[in-house]
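Below is one structure, written out as structure tokens; comments come after it.
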Number of protein chains: 2
Amino acid sequence: MSSDVENDRIFKALAASTRRSILDLLKDDPQTTGELCTRFPALDRCTVMQHLKVLEEADLIIVRREGRERWNHLNPLPIKHIHDRWIGPYAAYATEVLDRLKTDLE
Amino acid sequence: MSSDVENDRIFKALAASTRRSILDLLKDDPQTTGELCTRFPALDRCTVMQHLKVLEEADLIIVRREGRERWNHLNPLPIKHIHDRWIGPYAAYATEVLDRLKTDLE
DNA sequence: TTGACATGTTATGTTTTTATAACATAATTG
DNA sequence: CAATTATGTTATAAAAACATAACATGTCAA
């Protein structure tokens, strides 16, 4: 499925909260690099771009260039594979039930 | 569901390949700390224990003490929540189909 | 074609993480 | 109870990641 090196890139990419926020912003709609930068006023533009590069190298975002713009899309597949690695087809149902039970109790 | 701080602990915990391997070993059966140490002959015992501490603080493993032994169990819930964060109920099906398609093509 | 806009590259200081060593406690077993 | 086994704590050097600055390229529109 994914090599160890690829996997390492994915998890290291997810380890920074800024990068997770970027993925949140991309969850529903793709965004240009510039748009994303305005969403993080506290961060330097270069910092956001460095994060985007890490996400792209991890294949967590897919990039399309259009003229001078760059559109960033979320790629959900690596995230699904995280789930599948530790929660097999059988455990998936049990985990789902456990989750609901726990949420209902809270 | 999970606070930002908790989330950060979870993703940082998953960022190290040794810790992911530990979770792999715990996927099917719980193991004592000592057993886990023998599975990583290249690593110092202290290193493995430090990793276990990080995993426990992230709630990715649940610990039960029995006498002088310590049994480490995998907790799948935080991993399920990673999936749910970026792959909503609707996208889940589409992602599943996309994954099968891609796997079949390879 | 020139100025403005959107994006990209390289280098660097600061902070975290990783791996280890040295030391310490606590529960079994002979 | 003494030796052994299993686990836990604190401190530290080396490696990696995060944020930034300075510099550079490519595209569009007047």
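To find a chain, count down the sequence lines: A is the first, B the second, and so on, and within it residues start at 1.
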> Toward the 5' end of DNA chain D, which comes first, Cys46(B) or Gly67(A), by nearest nucleotide?
Replying inline: Cys46(B)

>> Quick check on contacts: within residues 47-56 of chain A, what sits under 4.0 Å from DNA chain D by heavy-atom distance?
In response: Thr47(A), Gln50(A), His51(A)

> Nearest-Å distance, CG (Asn72(B)) to C1' (dA6(D))?
Replying inline: 12 Å

>> Working note: Glu35(A) + Arg39(A), criterion salt bridge (Lys or Arg N to Asp or Glu O under 4.0 Å); need CA distance, chi angles, decisive distance, verdict.
In response: CA-CA 7 Å; Glu35(A) 279 171 334; Arg39(A) 299 284 213 126; over 6 Å; no

>> Need two values: the first and the last nucleotide of DNA chain C, 5' to 3', having an atom under 4.0 Å from any heavy-atom of chain B.
In response: dT17(C) to dT28(C)

>> Using a 4.5 Å cut-off between side-chain heavy atoms of Ile, Leu, Val, Met, Phe, Trp and Tyr, which other residues end up in the same hydrophobic cluster as Val97(B)?
In response: Tyr93(B)

> Atom CG of Leu14(A) and atom C1' of dA17(D): how far apart are they, to the nearest Å?
Replying inline: 15 Å

> Under 3.5 Å, is there a donor-acceptor pair linking the side chains of Asp99(B) and His81(A)?
Replying inline: yes

>> Let's see if you get this right: which residues in residues 16-26 of chain A place a heavy atom under 4.0 Å from DNA chain C?
In response: none

>> Donor-acceptor check, side chain of Thr47(B) to backbone of Leu43(B), threshold 3.5 angstrom: yes or no?
In response: no

> Are the side chains of Leu26(B) and Trp86(A) in touch, meaning some heavy atoms are under 4.5 Å apart?
Replying inline: no

>> Arg100(A) vs Glu96(A), test: salt bridge (Lys or Arg N to Asp or Glu O under 4.0 Å). Steps then yes/no.
In response: CA-CA 6 Å; Arg100(A) 290 220 186 123; Glu96(A) 176 70 37; 3.2 Å; yes

>> How many whole angstroms separate atom CG of Asp44(B) from atom P of dT12(D)?
In response: 17 Å

>> Testing the 3.5 Å rule here: is there a donor-acceptor pair between the side chains of Arg9(A) and Asn7(A)?
In response: no

>> Mind checking if Arg45(B) touches a base, just sugar-phosphate, or nothing, with heavy atoms under 4.0 Å?
In response: base

>> Run Asp24(A) and Arg20(A) through salt bridge (Lys or Arg N to Asp or Glu O under 4.0 Å) and show every step you take.
In response: CA-CA 6 Å; Asp24(A) 288 337; Arg20(A) 294 195 298 274; over 6 Å; no

Can you give me every donor-acceptor pair (side chain of residues 51-64 of chain A, partner residue at least two apart or in another chain, under 3.5 Å) with its distance?
from: His51(A); atom 1: ND1; to: Arg19(A); atom 2: NH1; distance (Å): 3.0
from: Asp59(A); atom 1: OD2; to: Asn75(A); atom 2: ND2; distance (Å): 3.4

> Sub-3.5 Å donor-acceptor pair from the side chain of Glu69(A) to the main-chain atoms of Glu66(A), do we have one?
Replying inline: no

> Rounded to the Å, how far apart are Arg9(A) CZ and dA17(D) C1'?
Replying inline: 15 Å

> If you link I, L, V, M, F, W and Y whenever their side-chain heavy atoms are under 4.5 Å apart, who else ends up in the same group as Met49(B)?
Replying inline: none

